[in-house]
Novice: 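Before anything else, here's the structure in question.
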There are 2 protein chains.
Amino acid sequence: MDTDQRLREAAEKLALTLAQGGMQKTTARVMTALLYTRQESMTAADLCAELSISSGAVSTAVKQLIPLGLIERVPAPGSRRDHYRFRQGAWASLMSQQNAMLATMGDAAQEGLDAAGEDGITGRRLHEMKDFYAYMTEQLIPLIDSWRERYAAQHTDAPR
Amino acid sequence: MDTDQRLREAAEKLALTLAQGGMQKTTARVMTALLYTRQESMTAADLCAELSISSGAVSTAVKQLIPLGLIERVPAPGSRRDHYRFRQGAWASLMSQQNAMLATMGDAAQEGLDAAGEDGITGRRLHEMKDFYAYMTEQLIPLIDSWRERYAAQHTDAPR
DNA sequence: CAGAGAATTCACAAATCTCTGAAAGTTCTA
DNA sequence: TAGAACTTTCAGAGATTTGTGAATTCTCTG
């Protein structure tokens with residue numbers, strides 16, 4: 001099987017996994033197309049052709065992926081079309097995003113504690129929740145930062 | 001507003017958030033009902049009444065939550081009904097589950113690298129992905145373990 | 001600044017998902 | 001082991017989500 005075909009299948013496979021994890025199916029397909037493509041970037045038209053979807057669907061997907069920090073619009077000299085590419089540091093952004101969820105969980109625990117009080121079975125349950133998410137938030141943020149530094153250091157002399 | 005009402009609302013609110021994050025809506029509602037309830041555990045009938053859903057829906061939700069380690073079936077002496085309760089250590093289980101996703105992402109990166117090779121734009125993109133997930137997997141596992149220890153230590157003399 | 005080339009929006013159609021209600025299965029007890 | 005008390009399974013109805021295609025808006029360029 002040729003390289004393009006293998007990459008295309010890998011892209012679809014990962015998209016399916018991401019979809020099961022909660023991401024919109026088309027959004028996931030656009031993301032993985034940009035991740036596994038052999039081109040530097042792709043136009044909306046490229047994505048329509050590659051994935052057999054309408055331009056409307058591409059537009060929607062792109063609108064979701066950009067705020068997540070996963071892809072970016074790239075100025076394309078000599079072309080009036082928008083080009084999109086997978087962002088460097090995308091994974092760290094994605095993980096940070098998930099961190100926000102940790103904070104939300106902590107808040108939800110606090111809200112329950114405010115209502116139920118610290119004592120009793122409910123209090124104990126919610127207290128464990130609050131402690132856990134406080135700990136994870138605290139630990140995970142520096143972890144992502146340290147990777148950013150580590151990665152930046154490795155690539156200072158070879159920017160894209 | 002009374003305590004029960006506040007807890008019920010907190011439960012529904014968190015369920016909604018979790019649903020937006022990809023969890024099935026009913027599954028999330030069952031989970032949060034068990035999390036915020038003032039009882040030690042709830043029967044399927046309790047959940048039907050509390051959430052206004054059918055027993056079939058409860059059965060399905062429970063079937064999803066148990067393998068995630070979020071809830072457990074509790075032997076109920078004197079009652080023929082199954083009782084369910086939110087598990088101690090549920091959050092750590094959930095986080096471990098998400099760790100499995102990190103491994104999957106690493107594998108997906110490797111698969112792409114096998115097809116595309118290490119060089120070229122695709123190789124570089126996938127390499128960053130592989131490195132990131134390798135790092136996160138490596139770091140996150142001990143983090144969860146350390147919390148488990150920390151929490152166990154705090155609660156050795158006060159088991160549930 | 002007119003017009004062509006693209007991207008975005010939106011109403012609707014299509015596909016998917018999810019719950020219900022009933023039937024079937026399971027497990028405990030008398 | 002018969003039967004009652006629950007739970008699970010499943011087909012189908014209903015609700016929700018999501019993509020299409022056309023209309024609209026935006027943005028460059030000549």
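In this text the structure is predicted, and so the values were computed from the model without any measurement. Lettering of chains follows the sequences in order, A, B, ..., and the numbering in each one begins at 1.
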Novice: For a quick check of understanding: with a heavy-atom distance under 4.0 Å over all strands, which category does Ala44(B) fall into, base, sugar-phosphate or nothing?
Specialist: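 Sugar-phosphate: the residue Ala44(B), judged by heavy atoms under 4.0 Å, touches backbone atoms but no base.
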Novice: Scan Arg73(A) against the nucleic acid and name what it touches under 4.0 Å (heavy atoms): base, sugar-phosphate only, or nothing.
Specialist: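 Sugar-phosphate: the residue Arg73(A), judged by heavy atoms under 4.0 Å, touches backbone atoms but no base.
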Novice: Ion pair present between Glu111(B) and Lys13(A), side-chain N to carboxylate O less than 4.0 angstrom?
Specialist: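 So Glu111(B) pairs with Lys13(A) through a salt bridge.
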Novice: Go nucleotide by nucleotide along DNA chain C from the 5' end; which of Lys25(A) and Val62(A) gets its closest nucleotide reached first?
Specialist: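 Of the two residues, Val62(A) wins.
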Novice: For the pair Arg8(A) and Glu50(A), find out whether any cationic side-chain nitrogen is under 4.0 Å from an anionic carboxylate oxygen.
Specialist: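 A salt bridge is present here (some side-chain N lies under 4.0 Å from a carboxylate O).
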Novice: Using atom CZ of Arg81(B) as one end and atom P of dA5(D) as the other, report the distance to the nearest whole Å.
Specialist: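 Rounded to the whole Å, the gap is 10 Å.
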Novice: Would you say the side chains of Asp46(A) and Thr43(A) form a donor-acceptor pair under 3.5 Å?
Specialist: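 Checked: Asp46(A)/Thr43(A) side chains pair up, N/O donor to acceptor below 3.5 Å.
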Novice: Rounded to the nearest Å, what distance is computed from the CD atom of residue Gln64(B) to the C1' atom of nucleotide dT9(D)?
Specialist: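 One finds 14 Å between C1' of dT9(D) and CD of Gln64(B), rounded.
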Novice: What contact category does Ser52(A) fall into here, base, sugar-phosphate, or nothing, at under 4.0 angstrom with non-hydrogen atoms?
Specialist: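 Sugar-phosphate contact only.
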Novice: For the side chain of Ala57(B), counting heavy atoms from C-beta on, which of dT18(D), dC19(C), dT20(D) is nearest?
Specialist: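 Shortest atom-to-atom distance from the side chain points to dC19(C).
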Novice: What's the closest nucleotide to the side chain of Lys63(B) if the choices are dT20(D), dG21(C), dT9(D)?
Specialist: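 Within the option list, the nearest is dT9(D).
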Novice: Expressed in angstrom and rounded to an integer, what is the separation of Ile66(B) atom CD1 from dT8(D) atom P?
Specialist: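 Taking CD1 of Ile66(B) and P of dT8(D), I get 8 Å after rounding.
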Novice: Could you state the atom-to-atom distance from CZ of Arg29(A) to C1' of dT18(D) in whole Å?
Specialist: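 Taking CZ of Arg29(A) and C1' of dT18(D), I get 13 Å after rounding.
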Novice: Report the distance from atom CG of Asp82(A) to atom P of dG5(C), rounded to the nearest whole Å.
Specialist: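 So the two atoms are 16 Å apart, to the nearest Å.
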Novice: Quick one: does Phe86(B)'s side chain get under 4.5 Å of Met31(B)'s, heavy atoms only?
Specialist: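 Yes - at least one pair of side-chain heavy atoms lies under 4.5 Å apart.
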Novice: Counting only side-chain N and O atoms of Gln24(A), is one of them less than 4.0 Å from OP1 or OP2 of dT18(D)?
Specialist: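 Answer is yes, contact under 4.0 Å.
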Novice: Nearest-Å distance, CE (Met42(A)) to C1' (dA6(C))?
Specialist: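 Atom CE in Met42(A) sits about 17 Å away from atom C1' in dA6(C).
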Novice: Whole Å only: how far is the CD1 atom of Ile53(B) from the P atom of dT7(D)?
Specialist: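 The answer, rounded to whole Å, is 13 Å.
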Novice: Starting from P on dT20(C), measure out to CG on Leu47(B) and report it in whole angstrom.
Specialist: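 Result: 13 Å.
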Novice: Select one nucleotide: of dC19(C), dT8(C), dT20(D), the one nearest the side-chain heavy atoms of Ser55(A).
Specialist: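 For the Ser55(A) side chain, the nearest candidate turns out to be dT8(C).
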Novice: Would you say the side chains of Tyr135(A) and Ser146(B) form a donor-acceptor pair under 3.5 Å?
Specialist: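 There is such a pair (donor and acceptor under 3.5 Å, judged by atom type) between the side chains of Tyr135(A) and Ser146(B).
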Novice: If you check every side-chain atom of Tyr84(B), which of dT9(C), dT8(D), dT18(C) has the closest atom?
Specialist: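 So the side chain of Tyr84(B) is nearest to dT8(D).
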Novice: Using a heavy-atom cut-off of 4.0 Å across all strands, would you classify Thr60(B) as base, sugar-phosphate, or nothing?
Specialist: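 Nothing: the residue Thr60(B), judged by heavy atoms under 4.0 Å, touches no strand.
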